[in-house]
Amino acid sequence: MTATAAAFAVLDDPARASLLGTHAHLAERRGRVLRYPVDVSPFLSMPAEPGPADWDDVAALAGPGGHVSVPGTVSVLPAGWEEVANIPGVQLTGERVAGAPDAEVVRLGPVDVPEMLDLVERTKPGPFLPRTVELGVYLGIRRGGALVAMAGERLRPPGWTEISAVCTDPAHRGRGLATRLVLAVAAGIRNRGETPFLHTSAANAGAIRLYERLGFRLRRTTDFRTVRVPARGPSSGDLGEPAPALRYGRRHSRPSGR
(Lines give C-alpha, C1' and ligand atoms only; values in the text may rest on other atoms or scores of the structure.)
Protein backbone atom coordinates (compact mmCIF):
# COMPACT_ATOMS: atom_id res chain seq x y z
CA MET A 1 0.00 0.00 0.00
CA THR A 2 1.43 3.40 -0.94
CA ALA A 3 1.62 6.25 1.56
CA THR A 4 -1.14 8.07 -0.30
CA ALA A 5 -3.41 5.03 -0.28
CA ALA A 6 -2.76 4.53 3.43
CA ALA A 7 -3.64 8.16 4.15
CA PHE A 8 -7.00 7.76 2.41
CA ALA A 9 -7.75 4.31 3.88
CA VAL A 10 -8.66 5.77 7.30
CA LEU A 11 -11.62 7.48 5.61
CA ASP A 12 -13.23 4.10 4.88
CA ASP A 13 -14.26 3.91 8.56
CA PRO A 14 -13.53 7.39 9.94
CA ALA A 15 -15.52 6.78 13.13
CA ARG A 16 -13.31 3.84 14.12
CA ALA A 17 -10.13 5.70 13.25
CA SER A 18 -11.31 8.66 15.35
CA LEU A 19 -12.33 6.54 18.33
CA LEU A 20 -8.99 4.75 18.31
CA GLY A 21 -7.12 8.06 18.01
CA THR A 22 -8.03 11.67 18.76
CA HIS A 23 -11.41 10.78 20.26
CA ALA A 24 -10.22 7.77 22.30
CA HIS A 25 -11.15 9.61 25.49
CA LEU A 26 -14.79 9.52 24.35
CA ALA A 27 -14.86 5.91 23.18
CA GLU A 28 -17.23 3.38 24.70
CA ARG A 29 -15.96 -0.10 23.92
CA ARG A 30 -17.27 -3.62 24.22
CA GLY A 31 -15.17 -6.31 22.56
CA ARG A 32 -14.41 -5.14 19.02
CA VAL A 33 -17.27 -2.62 18.94
CA LEU A 34 -16.65 1.08 19.49
CA ARG A 35 -19.09 3.95 19.76
CA TYR A 36 -19.47 7.52 20.95
CA PRO A 37 -21.61 8.33 24.00
CA VAL A 38 -25.22 8.66 22.88
CA ASP A 39 -25.33 12.39 23.69
CA VAL A 40 -22.18 13.06 21.64
CA SER A 41 -22.69 11.25 18.33
CA PRO A 42 -24.73 8.34 16.93
CA PHE A 43 -21.72 6.76 15.20
CA LEU A 44 -20.70 3.20 16.01
CA SER A 45 -17.92 1.10 14.53
CA MET A 46 -17.85 -2.66 14.06
CA PRO A 47 -15.28 -4.97 12.47
CA ALA A 48 -15.48 -5.23 8.69
CA GLU A 49 -17.02 -8.69 8.97
CA PRO A 50 -18.82 -8.81 12.33
CA GLY A 51 -19.56 -12.15 13.92
CA PRO A 52 -22.23 -13.20 16.44
CA ALA A 53 -20.21 -11.95 19.41
CA ASP A 54 -19.89 -8.51 17.80
CA TRP A 55 -23.65 -8.23 17.31
CA ASP A 56 -24.15 -9.29 20.92
CA ASP A 57 -21.80 -6.49 21.96
CA VAL A 58 -23.73 -3.94 19.87
CA ALA A 59 -26.97 -5.09 21.48
CA ALA A 60 -25.45 -4.80 24.94
CA LEU A 61 -24.23 -1.26 24.25
CA ALA A 62 -27.47 -0.05 22.68
CA GLY A 63 -29.98 -1.96 24.81
CA PRO A 64 -33.20 -3.71 23.69
CA GLY A 65 -34.95 -1.69 20.98
CA GLY A 66 -32.06 0.74 20.72
CA HIS A 67 -31.11 2.42 17.45
CA VAL A 68 -27.53 2.32 16.16
CA SER A 69 -25.76 3.68 13.09
CA VAL A 70 -23.89 0.80 11.47
CA PRO A 71 -20.82 1.22 9.24
CA GLY A 72 -20.63 0.64 5.53
CA THR A 73 -19.03 -2.79 5.61
CA VAL A 74 -22.05 -4.49 7.21
CA SER A 75 -23.98 -6.54 4.63
CA VAL A 76 -26.01 -8.98 6.73
CA LEU A 77 -28.21 -8.21 9.73
CA PRO A 78 -28.90 -10.84 12.40
CA ALA A 79 -32.40 -12.27 12.64
CA GLY A 80 -34.73 -9.89 14.43
CA TRP A 81 -32.72 -6.75 13.68
CA GLU A 82 -34.44 -4.12 11.53
CA GLU A 83 -33.13 -1.43 9.23
CA VAL A 84 -35.05 1.76 10.05
CA ALA A 85 -33.20 4.30 7.87
CA ASN A 86 -30.89 4.22 4.87
CA ILE A 87 -29.88 7.58 3.39
CA PRO A 88 -27.53 7.60 0.39
CA GLY A 89 -24.63 9.93 0.96
CA VAL A 90 -21.30 11.07 -0.45
CA GLN A 91 -17.87 11.65 1.03
CA LEU A 92 -15.76 14.52 -0.30
CA THR A 93 -12.13 15.35 0.47
CA GLY A 94 -10.50 18.77 0.53
CA GLU A 95 -6.86 18.29 -0.40
CA ARG A 96 -7.12 21.46 -2.51
CA VAL A 97 -9.03 23.48 0.11
CA ALA A 98 -6.75 25.95 1.90
CA GLY A 99 -9.48 27.63 3.94
CA ALA A 100 -9.75 31.28 4.88
CA PRO A 101 -9.92 32.86 8.35
CA ASP A 102 -12.91 35.14 8.92
CA ALA A 103 -12.87 37.99 11.40
CA GLU A 104 -16.64 37.87 11.94
CA VAL A 105 -16.95 34.24 13.01
CA VAL A 106 -17.09 33.43 16.71
CA ARG A 107 -16.00 30.30 18.59
CA LEU A 108 -18.98 28.39 19.98
CA GLY A 109 -18.89 26.35 23.19
CA PRO A 110 -21.06 24.63 25.77
CA VAL A 111 -22.82 27.86 26.73
CA ASP A 112 -24.03 28.18 23.11
CA VAL A 113 -25.42 24.64 22.85
CA PRO A 114 -29.10 25.60 23.38
CA GLU A 115 -28.90 28.03 20.45
CA MET A 116 -26.97 25.50 18.36
CA LEU A 117 -29.57 22.81 19.00
CA ASP A 118 -32.34 25.25 18.08
CA LEU A 119 -30.62 26.15 14.80
CA VAL A 120 -30.07 22.47 13.99
CA GLU A 121 -33.73 21.69 14.71
CA ARG A 122 -34.80 24.35 12.21
CA THR A 123 -32.30 23.49 9.48
CA LYS A 124 -31.74 19.69 9.76
CA PRO A 125 -28.05 19.48 8.74
CA GLY A 126 -27.66 16.05 10.36
CA PRO A 127 -27.01 14.69 13.84
CA PHE A 128 -26.06 17.30 16.43
CA LEU A 129 -26.53 16.38 20.08
CA PRO A 130 -26.04 18.10 23.46
CA ARG A 131 -22.35 17.12 23.66
CA THR A 132 -21.43 17.10 19.96
CA VAL A 133 -19.61 20.38 20.56
CA GLU A 134 -16.94 18.38 22.43
CA LEU A 135 -15.76 16.75 19.19
CA GLY A 136 -13.87 19.79 17.93
CA VAL A 137 -13.99 23.47 17.06
CA TYR A 138 -17.41 24.95 16.21
CA LEU A 139 -17.74 28.40 14.67
CA GLY A 140 -20.78 30.59 14.19
CA ILE A 141 -21.99 33.88 12.76
CA ARG A 142 -24.40 36.07 14.69
CA ARG A 143 -26.80 38.75 13.55
CA GLY A 144 -28.32 41.03 16.17
CA GLY A 145 -26.88 38.72 18.81
CA ALA A 146 -28.69 35.66 17.42
CA LEU A 147 -26.86 32.63 16.03
CA VAL A 148 -27.82 32.41 12.35
CA ALA A 149 -25.19 30.06 10.89
CA MET A 150 -22.62 27.57 12.11
CA ALA A 151 -20.21 24.81 11.11
CA GLY A 152 -17.72 22.70 13.01
CA GLU A 153 -15.52 19.64 13.35
CA ARG A 154 -16.77 16.10 13.93
CA LEU A 155 -14.82 12.92 13.07
CA ARG A 156 -11.02 13.14 13.27
CA PRO A 157 -9.21 10.15 11.74
CA PRO A 158 -5.42 10.56 11.62
CA GLY A 159 -4.44 13.38 9.27
CA TRP A 160 -8.03 14.46 8.60
CA THR A 161 -10.87 16.40 10.21
CA GLU A 162 -14.49 16.22 9.10
CA ILE A 163 -16.43 19.46 8.63
CA SER A 164 -20.01 18.98 9.82
CA ALA A 165 -23.20 20.69 11.05
CA VAL A 166 -23.04 23.27 8.27
CA CYS A 167 -26.32 25.16 8.51
CA THR A 168 -27.86 28.60 8.02
CA ASP A 169 -31.11 30.03 9.30
CA PRO A 170 -33.58 30.13 6.37
CA ALA A 171 -33.99 33.91 6.75
CA HIS A 172 -30.24 34.41 6.19
CA ARG A 173 -29.56 32.05 3.29
CA GLY A 174 -28.16 33.19 -0.02
CA ARG A 175 -25.59 35.49 1.62
CA GLY A 176 -22.57 33.20 1.56
CA LEU A 177 -22.52 32.50 5.29
CA ALA A 178 -22.11 28.72 4.87
CA THR A 179 -19.22 29.24 2.46
CA ARG A 180 -17.46 31.56 4.89
CA LEU A 181 -17.90 29.15 7.78
CA VAL A 182 -16.70 26.10 5.84
CA LEU A 183 -13.59 28.00 4.79
CA ALA A 184 -13.00 29.29 8.33
CA VAL A 185 -13.26 25.79 9.81
CA ALA A 186 -11.02 24.47 7.03
CA ALA A 187 -8.42 27.14 7.84
CA GLY A 188 -8.21 25.90 11.43
CA ILE A 189 -7.87 22.32 10.24
CA ARG A 190 -5.07 23.30 7.86
CA ASN A 191 -3.29 25.16 10.66
CA ARG A 192 -3.01 21.83 12.51
CA GLY A 193 -1.48 20.23 9.45
CA GLU A 194 -4.59 18.18 8.69
CA THR A 195 -6.88 17.93 5.65
CA PRO A 196 -10.63 18.67 5.71
CA PHE A 197 -13.23 16.22 4.46
CA LEU A 198 -17.00 16.04 4.78
CA HIS A 199 -20.15 14.05 4.13
CA THR A 200 -23.51 15.12 2.81
CA SER A 201 -26.67 13.59 1.42
CA ALA A 202 -26.35 12.38 -2.17
CA ALA A 203 -29.66 14.10 -2.85
CA ASN A 204 -28.36 17.51 -1.71
CA ALA A 205 -27.15 18.63 -5.13
CA GLY A 206 -26.87 22.26 -4.04
CA ALA A 207 -24.51 21.45 -1.18
CA ILE A 208 -22.41 19.17 -3.36
CA ARG A 209 -22.04 21.92 -5.99
CA LEU A 210 -21.03 24.39 -3.29
CA TYR A 211 -18.40 22.07 -1.83
CA GLU A 212 -17.00 21.27 -5.27
CA ARG A 213 -16.72 24.99 -6.05
CA LEU A 214 -14.70 25.37 -2.84
CA GLY A 215 -12.28 22.67 -4.01
CA PHE A 216 -13.68 19.50 -2.44
CA ARG A 217 -13.91 16.44 -4.65
CA LEU A 218 -15.94 13.28 -4.49
CA ARG A 219 -14.08 10.32 -3.04
CA ARG A 220 -16.85 7.75 -2.65
CA THR A 221 -20.53 7.15 -2.12
CA THR A 222 -21.82 5.64 1.10
CA ASP A 223 -25.02 5.19 3.10
CA PHE A 224 -26.04 6.63 6.44
CA ARG A 225 -27.79 3.60 7.84
CA THR A 226 -29.60 3.02 11.14
CA VAL A 227 -30.76 -0.33 12.52
CA ARG A 228 -32.88 -1.28 15.52
CA VAL A 229 -31.78 -3.83 18.11
CA PRO A 230 -34.50 -6.44 18.75
CA ALA A 231 -36.60 -5.73 21.82
CA ARG A 232 -36.58 -9.45 22.54
CA GLY A 233 -36.59 -12.73 20.63
CA PRO A 234 -33.84 -14.42 18.58
CA SER A 235 -30.23 -14.06 19.65
CA SER A 236 -28.42 -11.24 17.92
CA GLY A 237 -25.86 -13.80 16.84
CA ASP A 238 -28.41 -15.64 14.66
CA LEU A 239 -27.58 -14.13 11.27
CA GLY A 240 -30.57 -13.59 9.02
CA GLU A 241 -31.09 -12.35 5.48
CA PRO A 242 -28.86 -9.84 3.71
CA ALA A 243 -29.88 -6.32 4.62
CA PRO A 244 -31.91 -4.51 1.95
CA ALA A 245 -30.73 -1.72 -0.34
CA LEU A 246 -27.06 -2.05 0.53
CA ARG A 247 -24.67 0.27 -1.28
CA TYR A 248 -21.56 -0.37 0.77
CA GLY A 249 -18.24 -1.96 0.02
CA ARG A 250 -15.17 -1.29 -2.07
CA ARG A 251 -17.24 -0.57 -5.15
CA HIS A 252 -18.10 2.79 -3.60
CA SER A 253 -14.59 4.03 -4.06
CA ARG A 254 -14.20 6.64 -6.73
CA PRO A 255 -10.91 7.86 -8.19
CA SER A 256 -9.60 10.66 -6.00
CA GLY A 257 -7.59 12.15 -8.55
CA ARG A 258 -15.52 8.66 1.75
Side-chain angles (χ1 to χ4, degrees), residues 14 18 22-23 26 36-43 69 85 87 89-94 96-156 160-192 194-216 224:
S18 300
T22 302
H23 290 159
L26 293 169
Y36 287 94
V38 295
D39 55 353
V40 174
S41 171
F43 291 116
S69 297
I87 302 172
V90 293
Q91 183 186 81
L92 300 102
T93 57
R96 298 176 293 179
V97 179
D102 193 309
E104 189 183 8
V105 304
V106 296
R107 177 78 178 260
L108 302 174
V111 69
D112 302 296
V113 166
E115 278 189 284
M116 298 168 80
L117 291 170
D118 178 68
L119 182 60
V120 165
E121 178 62 26
R122 289 184 283 114
T123 57
K124 310 295 185 185
F128 187 89
L129 301 163
R131 293 177 56 205
T132 300
V133 71
E134 297 178 24
L135 294 177
V137 174
Y138 279 81
L139 302 177
I141 293 176
R142 293 185 177 277
R143 290 286 185 268
L147 182 66
V148 299
M150 74 173 192
E153 301 174 352
R154 188 168 62 180
L155 301 178
R156 292 189 59 187
W160 302 83
T161 296
E162 181 191 23
I163 298 177
S164 182
V166 181
C167 56
T168 303
D169 183 285
H172 294 269
R173 289 176 181 165
R175 305 175 189 178
L177 301 185
T179 295
R180 291 169 56 189
L181 282 163
V182 168
L183 291 176
V185 175
I189 294 169
R190 285 298 192 185
N191 285 342
R192 293 198 301 265
E194 298 174 350
T195 304
F197 75 107
L198 51 83
H199 296 91
T200 191
S201 166
N204 194 345
I208 294 171
R209 285 195 299 270
L210 167 63
Y211 296 139
E212 289 179 334
R213 284 199 301 270
L214 296 180
F216 289 89
F224 305 115

Between [X] and [Y], what is the shortest heavy-atom contact and its length?
X      : Y      : value
Ala187 : Pro101 : CB-N, 3.8 Å
Trp160 : Glu194 : O-OE1, 3.9 Å
Gly145 : Glu115 : O-OE2, 4.1 Å
Pro130 : Val113 : O-CG1, 3.7 Å
Leu135 : Ser41  : CD1-CB, 4.4 Å
Glu153 : Ile189 : OE2-CG1, 3.6 Å

*Please identify each residue that fulfils side chain to side chain donor-acceptor pair (under 3.5 Å) with Asp39, with sequence neighbours left out.*
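Applying side chain to side chain donor-acceptor pair (under 3.5 Å) to Asp39 gives Arg131.
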
*With sequence neighbours excluded, tell me which residues meet side chain to side chain donor-acceptor pair (under 3.5 Å) with Thr195.*
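Partners of Thr195 under the side chain to side chain donor-acceptor pair (under 3.5 Å) test: Arg190.
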
For the atom pair [atom1] ([X]) and [atom2] ([Y]), what is the distance rounded to the nearest 0.5 Å?
X      : Y      : atom1 : atom2 : answer
Arg156 : Ser18  : CZ    : OG    : 8.5 Å
Ile163 : Leu139 : CD1   : CG    : 10.0 Å
Thr123 : Asp118 : OG1   : CG    : 9.0 Å

*Can you list the residues that meet the ring-ring contact (aromatic ring centres under 6.0 Å, His included) rule with Phe43, with sequence neighbours excluded?*
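ring-ring contact (aromatic ring centres under 6.0 Å, His included) check on Phe43 returns nothing, list empty.
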
Test side-chain contact (heavy atoms from CB on, under 4.5 Å) applied to [X] - qualifying residues, sequence neighbours left out:
X      : value
Leu129 : Pro42, Thr132
Ala207 : Thr200, Asn204, Tyr211
Glu104 : Asp102, Ile141, Arg143, Arg180

Under 3.5 Å donor-acceptor pairs involving side-chain atoms of residues 165-172, not counting sequence neighbours:
unit_1: Asp169; atom_1: OD1; unit_2: Ala171; atom_2: N; d: 2.8
unit_1: Asp169; atom_1: OD2; unit_2: Arg122; atom_2: NH1; d: 2.2
unit_1: His172; atom_1: ND1; unit_2: Arg175; atom_2: NH1; d: 3.1

Is there a side-chain contact between [X] and [Y], using heavy atoms and a 4.5 Å cut-off?
X      : Y      : value
Pro37  : Leu26  : yes
Val106 : Leu147 : no
Thr179 : Leu214 : yes
Thr161 : Phe197 : no
Pro125 : Val120 : yes

*asked:* Under the ring pair (Phe, Tyr, Trp, His ring centres under 6.0 Å) definition, can you give me all pairs with a residue in residues 115-150, not counting sequence neighbours?
replied: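 Checked against ring pair (Phe, Tyr, Trp, His ring centres under 6.0 Å) - neighbours excluded - the pairs reaching residues 115-150 are Phe128-Tyr138.
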
*Contact list for residues 203-216, test salt bridge (Lys or Arg N to Asp or Glu O under 4.0 Å), sequence neighbours left out*: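 Every pair satisfying salt bridge (Lys or Arg N to Asp or Glu O under 4.0 Å) with a residue in residues 203-216: there are none.
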
*So which of Val90, Leu210, Leu92, Thr93 actually passes side-chain contact (heavy atoms from CB on, under 4.5 Å) with Phe216?*
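One option only clears the test, and that one is Leu92.
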
*asked:* Test of understanding: with salt bridge (charged side-chain N to carboxylate O under 4.0 Å, His left out), list the residues that count as partners of Arg173, not counting sequence neighbours.
replied: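 If we apply the salt bridge (charged side-chain N to carboxylate O under 4.0 Å, His left out) test to Arg173, skipping adjacent residues, there are no hits.
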
*How far apart are the C-alpha atoms of Met116 and Met150, what are their side-chain angles, what is the distance that settles it, and do they pass the side chain to side chain contact (heavy atoms under 4.5 Å, CB included) test?*
CA-CA 8 Å; Met116 298 168 80; Met150 74 173 192; 3.8 Å; yes

